[in-house]
Number of protein chains: 2
Amino acid sequence: MRRRDRLRAQTSAEIKAIAMKLMADGGPDAISLRAIAREMGMTAGAIYSYFATRDDLITALIGDVYTSAVDAAEVARDAVPETDPGGRILAWAQASREWALANPEGFRLIYGDPVPGYRPPGDGPGKQAEIRACSGLIGLVAAAWTTVQARQSEDRAYDWADFDRDLVAHVRKDFPDLPPAGIAMTLRVWGRMHGLMALEIYGHLRTVIHDPATVYRDEMHDLIASLGLIS
Amino acid sequence: MRRRDRLRAQTSAEIKAIAMKLMADGGPDAISLRAIAREMGMTAGAIYSYFATRDDLITALIGDVYTSAVDAAEVARDAVPETDPGGRILAWAQASREWALANPEGFRLIYGDPVPGYRPPGDGPGKQAEIRACSGLIGLVAAAWTTVQARQSEDRAYDWADFDRDLVAHVRKDFPDLPPAGIAMTLRVWGRMHGLMALEIYGHLRTVIHDPATVYRDEMHDLIASLGLIS
DNA sequence: TGTTCCAATTAAACGGCGTGTATTAATAAG
DNA sequence: CTTATTAATACACGCCGTTTAATTGGAACA
């Protein structure tokens with residue numbers, strides 16, 4: 001029984017690994033149960049012992065990929081001392097971009113239409129990783145909030161009720177000094193990191209600029225400057 | 001011959017219209033030649049008389065959708081007098097977001113993985129529409145450049161060689177006073193508009209905030225403020 | 001040891017898909 | 001009226017996700 005479970009987990013991991021390889025080679029749409037089975041010397045139907053449906057496999061993959069992305073960002077963030085909140089934001093942003101450039105298919109899997117008819121489930125590991133990423137960003141904003149607050153004092157009032165109930169609970173526990181506007185600011189930070197990154201990954205900048213790295217750096221520099229952090 | 005051409009154009013338009021309807025109903029992946037043919041009372045193979053392959057049809061659709069998006073943005077922009085460059089940028093941004101919310105599938109078609117195995121061709125109508133959108137944004141930035149220049153004077157130097165040759169030719173003809181940094185700034189503006197919009201359309205904000213409209217408005221307001229335009 | 005049981009796997013099938021190809025019907029051109 | 005072009009068809013091919021029934025093989029128990 002124990003042995004059986006280990007074999008099962010191992011096979012499940014192999015399925016995911018091969019799915020990742022197929023995705024890296026031929027894009028997210030190259031993930032097909034038949035191709036995976038072919039690669040493993042199995043039959044397509046056999047995979048249904050491990051994943052009830054193809055979307056379940058995709059969901060598991062999204063969880064793994066998202067986790068790897070957030071891991072990379074957090075490692076880069078933690079390499080910068082907490083006394084430099086602007087540097088931590090910059091590190092997060094640049095690590096995210098570098099991860100995306102190194103794993104474009106993973107980025108599409110997370111932030112785009114992952115695969116033909118896939119629709120994400122309500123919960124699942126992807127959702128959890130997303131919450132983790134969001135929490136990381138909120139922490140970055142919270143660490144800089146005293147200076148941000150001074151500059152954004154004229155900001156429109158936000159209310160806790162504007163945001164997701166569970167997220168609010170977490171935020172008020174972990175960052176008791178952060179007002180609702182801090183979450184709104186976090187979303188703006190997220191959006192600013194995401195915008196150029198998505199345009200670049202999906203090839204929309206290629207027809208304009210040869211290397212968007214400088215533009216992205218300038219934009220992130222402007223971001224932390226507008227947050228009131230020197231650099 | 002004339003009559004033949006007219007019928008051909010009409011049928012081609014009907015194919016695209018039905019494809020748009022299918023996309024609006026069931027997402028970009030609902031576009032299948034068989035489904036279109038079924039809807040038209042034809043055979044799947046017949047469509048190959050009008051579009052050599054399914055990707056060609058998608059390409060044509062992308063051109064149409066992109067054009068409609070840029071049209072909406074330009075109409076909104078032109079409703080604001082040229083004496084208010086900040087308002088014109090704001091109008092462009094909000095019209096783009098509203099278009100995206102009204103046509104989420106269209107947004108995915110343009111900015112995401114349009115459809116299973118599709119890869120955009122080098123030229124084509126989609127590229128032209130993208131150039132048109134980019135030109136519109138450059139125009140907006142150029143109109144505000146004198147104030148922008150004052151605030152971003154410490155910006156890192158850009159060179160014309162950093163950008164696409166054809167685009168540079170157009171820019172130097174249409175906006176002779178805009179330096180290379182103006183194109184970089186345009187990309188940053190584009191990215192800032194795109195970021196929150198993409199996150200929202202792909203459902204990543206839904207788990208955080210109930211209505212991102214205010215955040216988007218704040219972000220765009222901050223954008224034109226950082227450009228040195230009052231509001 | 002022999003037997004029972006159960007999870008893993010297979011083979012086959014269903015319907016749907018994009019894409020070609022050979023063929024037939026219609027229509028414009030000479 | 002004849003001929004060349006072209007739209008449309010029918011059919012075949014190989015891919016896909018998913019389901020079902022039959023088969024295997026190892027674990028557990030007597």
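Just so we're on the same page: letters track the sequence lines, and every chain starts at 1. Being a predicted model, the structure only gives us computed values, none of them experimental.
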Please state how far atom [atom1] in [X] lies from atom [atom2] in [N], giving the value in whole angstrom units.
X	N	atom1	atom2	result
B/Ile58	C/dC17	CD1	P	14 Å
B/Asp55	C/dC17	CG	C1'	14 Å
A/Asp29	C/dG18	CG	C1'	14 Å
B/Arg34	D/dC15	CZ	C1'	12 Å
A/Arg54	D/dT18	CZ	P	7 Å
A/Ile36	C/dT9	CD1	C1'	17 Å
A/Glu14	C/dA8	CD	C1'	15 Å
B/Met40	D/dT9	CE	P	10 Å

Considering just the side-chain nitrogens and oxygens of [X], establish if one lies under 4.0 Å of OP1 or OP2 belonging to [N].
X	N	value
B/Tyr48	C/dT19	yes
B/Ser32	C/dC17	yes
B/Arg38	C/dC17	yes
B/Thr43	D/dA8	no
B/Arg8	D/dA7	yes
B/Thr53	C/dT19	yes

Please examine the side chains of B/Leu187 and B/Leu137, heavy atoms only from C-beta on, and report whether any two atoms are closer than 4.5 Å. no
Heavy-atom distance under 4.5 Å between the side chains of A/Ser135 and A/His170, does that happen here?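 No, their side chains stay 4.5 Å or more apart.
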Base-paired stems in DNA chain C, each at least three Watson-Crick or G-U pairs under 3.5 Å: C:1-30 with D:1-30
When all nucleic acid strands are considered with a 4.0 Å heavy-atom cut-off, which category describes A/Tyr50: base, sugar-phosphate, or nothing? sugar-phosphate
Judged by modelled atom types alone, do B/Tyr48 and B/Asp56 share a side-chain donor-acceptor pair under 3.5 Å? no
Return yes if a side-chain donor-acceptor contact under 3.5 Å exists between B/Tyr216 and B/Asp211, otherwise no. no
Which pair of non-hydrogen atoms, one from A/Tyr202 and one from A/Gly112, has the smallest distance, and what is that distance?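 Closest approach of A/Tyr202 to A/Gly112: OH-CA, 3.3 Å.
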Is any side-chain N of the basic residue among [X] and [Y] closer than 4.0 Å to the acidic one's carboxylate O?
X	Y	answer
B/Arg88	B/Asp78	yes
A/Arg132	A/Glu74	yes
A/Glu200	A/Arg97	yes

Nearest to the side chain of [X], heavy atoms from C-beta on, is which of [options]?
X	options	value
B/Ala44	C/dT19, C/dA8, D/dT9	C/dT19
A/Ala35	D/dT18, D/dC16, C/dC17	D/dC16
A/Leu33	C/dT9, C/dT19, D/dG17	D/dG17

